[in-house]
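Naming convention: chains lettered A, B, ... in sequence-line order (proteins, then strands); numbering from 1 in each chain.
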2 protein chains.
Amino acid sequence: MQMDDRKQKILRAIVQDYIASAEPVGSRTIARKFNLGVSPATIRNEMADLEDLGFIEQPHTSAGRIPSDAGYRYYVDCLMDAPKLSSEDKNTIEIETTKRISEIEEVISHTAKLLSQLTSLTSIVMGPQKGKSSFGQMYFLPYQPGKAIMVVVKENGAVENHIVDIGEYLSAEDLQQVATVFNNKLKGFSLGQIKKTLLHEIYSELTKQRHLLDNALSMLEAILDDEPEGEKVYLGGTLNMLNQPEFRDFDKVKSLFGAFEEDECLKKLLSASQNGLSVIIGGENKLQEFQDCSVISATYRVNGEVIGSIGVLGPTRMDYAKSMGIVDFMTRSLTDLLSKSRKR
Amino acid sequence: MQMDDRKQKILRAIVQDYIASAEPVGSRTIARKFNLGVSPATIRNEMADLEDLGFIEQPHTSAGRIPSDAGYRYYVDCLMDAPKLSSEDKNTIEIETTKRISEIEEVISHTAKLLSQLTSLTSIVMGPQKGKSSFGQMYFLPYQPGKAIMVVVKENGAVENHIVDIGEYLSAEDLQQVATVFNNKLKGFSLGQIKKTLLHEIYSELTKQRHLLDNALSMLEAILDDEPEGEKVYLGGTLNMLNQPEFRDFDKVKSLFGAFEEDECLKKLLSASQNGLSVIIGGENKLQEFQDCSVISATYRVNGEVIGSIGVLGPTRMDYAKSMGIVDFMTRSLTDLLSKSRKR
DNA sequence: GTTAGCACTCTCTATTGATGAGTGCTAATA
DNA sequence: TATTAGCACTCATCAATAGAGAGTGCTAAC
């Protein structure tokens, strides 16, 4: 049995109607709403075929059909209108992203909010991958006796400050000296590389200045320890999930919101998209908690280099065309925005 | 009618049993579980009296009784065992809070997590009140052409960095000069005060150095604009609310989680506690969304000055003695920790 | 003042039956 | 041969009903 034109039309009708209504779609409904020029009985026959092919399923004997994961997949791959976004949404994105915002973190969290607003789904935005970000420069500023503020500028423009213990014996010049060594040795290296290969090099350099060493070492540790394992993840519109009829079930909500609190889970969700727009549908997802969800994600770049990803999470029954359009456009404008702001 | 000793014992029994079981408490249950030496019938009579006094109520004719807000209030004020915390919890708090953490923000968010863990409730922690925090020092660091990193150290020890536009024309010395003016003029003033009274003073001072003024002004604006209105609020254990039987209701969950996303709401919740330990029970709360909740909160200090508050939010039926014990102790150790770290 | 006994109330759960949406099959039709 | 009309059948949903159980309030006895 093959997918002919009519089967495709019917499958598309089922998916679209189910996306809109969240109710199983019957043959009669299709005949009425979509003008296919055939009777419900014919549609029933075709639907039986589509069920055999695995694209739709029946929740119970006397209900209409709902798309299976395979059905959604076929829809996304072959039947769907090209991802599109309304000029209204486009406008909003352009206005919102051109509002001058100075810090990357703010841009990111702002993006998460905007994304969830536009899609009515839950948005997940992964900030610059710190492990991959490279060291740019560092400064030490006086803070309190025995402590200093260490300001680290990454190559991607992110700025972080940490309080570090410096012991009692370091003067401002000593600190300056340490910073100089760091800046010379580390510029351009990722923090991962720093940890592995460069640590002992600095160590030996500083050995020459015996009196600095002991305290400098604790600083080094502080730098690397304070650096969290992975990237920061921002969520937006988690509440939107509560509006979806498929989550009118307490246990589902609990396990879902539980997963939301685990950064690791969210990172895994986004990790699929290596490049371009990625769509993961229902059971294609390996994470138990998200088997009833679909994820649309994409990576964004700064100056050509992938530094993070954004995505939306929703019920399997989501408006793929719209969501994909928004995620795609958002990725582009984020990439634009970040690259532009770096050039200035 | 007066509260005699037996009435008090019965009321305490009702509150405690209801806290534990979340089920209306019947006369028979009390006679069985609490050895009052009287029969269920007698207890029934007393319960009728307690209901007349407004301390308990019946969800429906043939159910047991549950405490009213007034009942909880009486319990907390007069009947409850002194707020107490297990030596186990005490230990956890002491170990967790003495882990060396350098930045105030980290301490705060860590506190929120710990608090919700120990109480199985939702924790709300309000960070240092920025409006009330005072300016300490500022530095400018080179960033990119036309931009600088502005590092602001508050008097309470918090450090923030912002990227500011400086236009094309400012040299490092110019920046240094501006910073010096700021540091001299502003040290010790709250940001509120800065905005109102000192702005024109600096303005006039900088007027003397004409070439700096235009650009310095935009920086000033950046400083004050970047400063958010209020304090940052941290939530922990919001999921715990889903485990409470009183929130097995979708509309409640939705409005509750909606309120969680509004920082303003949460701030209002905590604002009650001006000093010491404050307990707000059910309807005493003015916010619609939290009428079924109680809030226990307290303020913490750095060097005698109140800089924030912590609290827990739970269903009206919460274990007040335990929660109050934990919040109280936590406040103290937070105060200790922050004050100690400031002295070093 | 306390208690035992009992009728009464009300929630909760399970059962039942009616309704309606939707299917699958068969036979008639183009 | 493909399509369609007709019809019996299935199953979820909803409302009504009955029975069980928990708990009360009242009365009368202790």
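For the pair B:I43 CD1 and D:dG23 P, the interatomic distance rounds to 12 Å; values are reported in whole Å. Nucleotide D:dT3 holds its C1' atom 14 Å from the NZ atom of A:K7, rounded to whole Å. Look at CG on A:D49: it is 12 Å from P on D:dA2, rounded to the nearest Å. When the C1' atom of C:dT2 is taken as reference, atom CD of B:E46 falls 11 Å away, rounded to whole Å. Note: CG (A:L36) to C1' (D:dA2) measures 16 Å, nearest angstrom. Taking atom CG on A:N45 and atom C1' on C:dT26, their separation rounds to 11 Å, with Å as the unit. A straight line from CZ of A:R6 to C1' of D:dT4 spans 11 Å, rounded to a whole angstrom. Rounded to an integer number of Å, the gap from CD1 of B:I56 to C1' of D:dG25 is 14 Å.
The shortest distance between side-chain heavy atoms of B:Q291 and B:T316 does not fall below 4.5 Å.
Scored by the salt bridge (charged side-chain N to carboxylate O under 4.0 Å, His left out) test, B:K33 finds B:D17 as partners (sequence neighbours excluded).
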**Asked** What one-letter contact string describes nucleotides 4-23 of chain C from 5' to 3', where B marks a base within less than 4.0 Å of any protein heavy atom, S marks contact via sugar-phosphate atoms alone, and - marks no contact?
**Response** BB---BBS---------BSB
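Aromatic rings from B:F260 and B:F257 are positioned such that their centres are separated by under 6.0 Å.
Rounding to the nearest 0.5 angstrom, the gap separating the SG atom in A:C265 from the CD atom in A:E289 is 4.5 Å.
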**Item:** Criterion side chain to side chain donor-acceptor pair (under 3.5 Å) on A:T238 and B:E261, from CA distance to verdict
**Value:** CA-CA 10 Å; A:T238 48; B:E261 294 201 348; 3.2 Å; yes
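B:F250 and A:F250 have perpendicular rings, their planes meeting at more than 60° on a 0 to 90° scale where under 30° would count as parallel.
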